[in-house]
There are 2 protein chains.
Amino acid sequence: MPTPHYGQPRYRVIADELKHRIESGAIPPGALLPTESALGAEFRASRGTIRQAIAVLRDACLVATEHGRGTYANALSHERGLDKRAAPETRQRQVAADPELAALFGVEIGTTLIERESVTRWNGAVGNVIRVYRLPEIR
Amino acid sequence: MPTPHYGQPRYRVIADELKHRIESGAIPPGALLPTESALGAEFRASRGTIRQAIAVLRDACLVATEHGRGTYANALSHERGLDKRAAPETRQRQVAADPELAALFGVEIGTTLIERESVTRWNGAVGNVIRVYRLPEIR
DNA sequence: AGAAATTTGTCCGTATGTATC
DNA sequence: AGATACATACGGACAAATTTC
């Protein structure tokens, strides 16, 4: 098969499907997603494409991946081995929607949103601070 | 050559080098980076690895890529074909550092920072709002 | 207008490195 | 130590957007 991606590319379709499974609870919060190889077999896609799909979910803060372990769904603060050194560079909290965020999300000003803050570094020094806002998971 | 990435992976080393060129002005703001193939030839890396390096820069808001055109350095608001419909999904402005940002960046509270806001969508609906903060370019 | 060239986007298959179990 | 799983890297192929002729 060549590479037909009329309309949506496959990695995006796969990301969408996985997103549904997570939000519907088919993959409960904190659970491990199937391995990349397993997902590749299920969707008949190469591992690279699966990784691309997972990267989309990661950017949207829907999953968190750990080397050698797997990818967790909705790992809001992966309460796994937190006896180890805690996650240093990323925090999460609830905030009230400012007027601009409220307009974007289409909610009332003051509505509680989830803010996830992370820090990128360049050789130690802080490069960017990234704040991702999203609506609280309903479920 | 196999895949040795002792210490830092190659895509990160390449991203670092490109970052230096941009910040030093060797690649001036708004200029096009060399093509992915050209960079691959220069760094003796595959196109995939180059693309990974560029993705790092894109996440740090150091470059912006356009399909069929190329990757622009520091394209703060790529003043190219802006007669077309401007992309309203990403904005940039100056803000005063709140206490938390000030602490992270190691500056005084109230110092002006650059905030770039972008919006991700899932089938039209707003998914996340992302705000990236960084220090103003010195130069 | 249309065709060709250029450049980024997507996808595959494979191989090897590294972290975890 | 071995098995499992994610990370990095290569090379090739084709799709899609843009520019150039």
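Protein chains get the first letters and strands the later ones, always in sequence-line order, with residue 1 at the start of each. All values below were derived from every heavy atom in this structure, side-chain atoms included, with hydrogens, water molecules and symmetry-related copies excluded.
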Which whole-number value in Å describes the distance from [X] [atom1] to [N] [atom2]?
X       : N      : atom1 : atom2 : value
A:Leu57 : D:dC6  : CG    : P     : 14 Å
B:Arg51 : C:dG9  : CZ    : P     : 4 Å
A:Ile54 : D:dA5  : CD1   : P     : 13 Å
B:Arg58 : C:dT8  : CZ    : C1'   : 10 Å
A:Tyr72 : C:dC21 : OH    : P     : 7 Å
B:Glu66 : D:dA16 : CD    : C1'   : 15 Å
A:Arg69 : D:dA5  : CZ    : C1'   : 12 Å
B:Arg10 : C:dT18 : CZ    : C1'   : 17 Å

Applying the side chain to side chain contact (heavy atoms under 4.5 Å, CB included) test to B:Leu39, which of B:Ile14, B:Ile54, B:Thr71 qualifies? B:Ile54
Pair of N/O donor and acceptor under 3.5 Å linking D:dA7 base with A:Arg47 side chain: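 Yes.
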For a quick check, tell me whether the side chain of A:His67 and the base of D:dA7 share a donor-acceptor pair closer than 3.5 Å.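 Under the 3.5 Å cut-off, the side chain and the base do not form any donor-acceptor pair.
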Mark yes when over 12 heavy atoms from residues, nucleotides or ligands other than B:Arg12 sit less than 6.0 Å from its CZ; otherwise mark no. no
Mark yes when over 12 heavy atoms from residues, nucleotides or ligands other than B:Arg44 sit less than 6.0 Å from its CZ; otherwise mark no. no
A:Ile50 vs A:Gly68, nearer the 5' end of DNA chain C by closest nucleotide: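 Per heavy-atom nearest nucleotide, the more 5' residue is A:Ile50.
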Determine the contact category for B:Gly70: base if any of its heavy atoms lies under 4.0 Å from a base atom, sugar-phosphate if only primed atoms, P, OP1 or OP2 are that close, otherwise nothing.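 Sugar-phosphate, no base atom in range.
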Applying a 4.0 Å non-hydrogen cut-off, can you work out what B:Arg44 is touching in the nucleic acid: base, sugar-phosphate, or nothing?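 Sugar-phosphate contact only.
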Contact check, side chains of B:Asn128 and A:Arg116, non-hydrogen atoms, under 4.5 Å: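 No, their side chains stay 4.5 Å or more apart.
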Just wondering, do B:Glu42 and B:Glu17 contact through their side chains at under 4.5 Å, heavy atoms? no
Less than 4.0 Å between a side-chain N and a carboxylate O, is that true for B:Asp59 and A:Arg58? no
Donor-acceptor pair, B:Asp98 side chain versus B:Glu100 backbone, under 3.5 Å?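 Yes: the side chain of B:Asp98 pairs with the backbone of B:Glu100.
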Can you sort out which residues in residues 35-43 of chain A have a heavy atom within less than 4.0 Å of DNA chain D? Ascending by number, please.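 Of all residues in residues 35-43 of chain A, the ones placing a heavy atom under 4.0 Å from DNA chain D are A:Thr35, A:Glu36.
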With respect to the side chain of A:Thr49, which nucleotide from C:dC11, D:dC10, D:dC6 is positioned closest?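 Comparing C:dC11, D:dC10, D:dC6 against the side chain of A:Thr49, the answer is C:dC11.
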Counting side-chain heavy atoms from CB outward, which of C:dT10, C:dC12, D:dT8 is closest to A:Ala45? C:dC12
